[in-house]
Amino acid sequence: MDSREPLVQAAWNARQNAYAPYSSFAVGAALLAADGRIFTGCNVENLSYGLTCCAERVAVGSAIAAGAREFVAMAVVADTQTPISPCGACRQVMTEFSVPTVILANRDQRLALSLTELLPRAKAGILDLPE
Ligand code: THU
């Protein structure tokens, strides 16, 4: 079995708990910490749409609350034709905690991208001096 599959499966399991009554679009995420723990998230929507939390940020919050600080990979899954890709806000939040790799998955495809591919120069102009 591909070594990424347990993480992807954890994301599918979390997706079952998605609270998405407004979009009906369920997303699951799973974040692998350096110590081997897996933290999961699902999207949590709100009547005030802008308050919706994406699955990835819920997983990050869960990990940070449990004391994890070092991460290996984030998997994000949805039942889409092409693998789902995280929004800009989630890319920025994953950058804060240096998640190196993001695995985008649907039922039968997996695409592993580096976070710097997904969000290049994320800290430039915010936390870092320009080069
Ligand atoms: N969503 C996520 O949870 N993660 C993504 O990567 C993309 C979008 C959620 C937000 C909202 O609840 C629903 O999917 C539709 O955008």
Side-chain angles (χ1 to χ4, degrees):
M1 186 176 55
D2 188 313
S3 63
R4 300 173 297 197
E5 279 315 295
L7 192 64
V8 171
Q9 188 55 53
W12 283 116
N13 292 345
R15 179 177 175 272
Q16 291 186 323
N17 297 324
Y19 177 74
Y22 305 106
S23 72
S24 298
F25 186 73
V27 182
L31 178 58
L32 175 62
D35 63 10
R37 285 184 292 171
I38 289 177
F39 300 92
T40 60
C42 59
N43 49 336
V44 183
E45 298 189 341
N46 192 274
L47 177 60
S48 176
Y49 292 179
L51 298 181
T52 290
C53 290
C54 294
E56 297 92 318
R57 271 177 287 157
V58 171
V60 168
S62 171
I64 297 303
R69 287 289 187 280
E70 305 265 322
F71 302 105
V72 177
M74 171 79 83
V76 52
V77 305
D79 197 2
T80 44
Q81 276 208 319
T82 55
I84 186 175
S85 185
C87 76
C90 288
R91 294 176 195 203
Q92 185 77 46
V93 168
M94 287 188 277
T95 298
E96 183 73 25
F97 297 106
S98 303
V99 177
T101 303
V102 186
I103 300 161
L104 318 178
N106 63 8
R107 294 273 175 212
D108 46 33
Q109 295 167 280
R110 278 99 182 91
L111 182 62
L113 297 175
S114 72
L115 186 55
T116 49
E117 281 177 271
L118 284 166
L119 190 63
R121 294 183 59 83
K123 292 182 177 174
I126 299 175
L127 300 173
D128 293 346
L129 292 173
E131 280 155 25

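Every number for a ligand or one of its atoms is a count from 1 in the order of the listing.
- Summarising the contacts of atom 5 (C) of ligand 1 with Arg91, Arg57, Glu56, the nearest heavy atom is found in Glu56.
- For Ser85 and Arg91, the side-chain atoms include at least one donor-acceptor pair closer than 3.5 Å.
- For atom 1 (N) of ligand 1, the nearest protein heavy atom lies closer than 4.0 Å.
- Of all the heavy atoms in Leu104 and Leu113, the pair that sits closest is CD1-CD1, 3.8 Å.
- Distance from atom 3 (O) of ligand 1 to its nearest protein heavy atom, with residue and atom name: Ala55 N, 2.9 Å.
- Using a 4.0 Å cut-off to heavy atoms of Cys54, the atoms of ligand 1 that qualify are 1 (N), 2 (C), 3 (O), 4 (N).
- Taking the six-membered ring for Trp and thresholds of 30 and 60 degrees, Tyr49 and Tyr22 have ring planes inclined between 30 and 60 degrees apart.
- With ligand atoms numbered from 1 in the order given, ligand 1 contributes 13 (C), 15 (C) to contacts under 4.0 Å with heavy atoms of Ser23.
- Every atom of ligand 1 with a heavy atom of Glu45 under 4.0 Å away is listed here by number and element: 11 (C), 12 (O), 13 (C).
- Atom OG1 of Thr52 and atom CZ of Phe25 lie 13.0 Å apart (nearest 0.5 Å).
- Interface atoms of ligand 1 facing Val27, defined by a heavy-atom separation under 4.0 Å, are 1 (N), 2 (C), 3 (O), 4 (N), 9 (C), 14 (O).
- Using a non-hydrogen distance threshold of 4.0 Å, Cys90 does not register as a contact of ligand 1.
- Between the side chain of Asn43 and the backbone N or O of Ala18, no donor-acceptor pair lies under 3.5 Å.
- Within a 6.0 Å sphere centred on CD of Glu117, heavy atoms belonging to other residues, nucleotides or ligands number more than 12.
- Annotation: atom 16 (O) of ligand 1 to nearest protein heavy atom, Phe25 CD2, 4.6 Å.
- Of the polar atoms of Ile84, none of the N or O atoms is found under 3.5 Å from an N or O of ligand 1, judged by distance alone.
- Nearest protein heavy-atom neighbour of atom 9 (C) of ligand 1: Asn43 ND2, 3.6 Å.
- Within a 6.0 Å sphere centred on CD of Gln109, heavy atoms belonging to other residues, nucleotides or ligands number more than 12.
- In this structure a side-chain-to-backbone donor-acceptor pair under 3.5 Å is present from Glu45 to Ser23.
- At a 4.0 Å cut-off, not a single heavy atom of Cys53 sits close enough to ligand 1 to count as contact.
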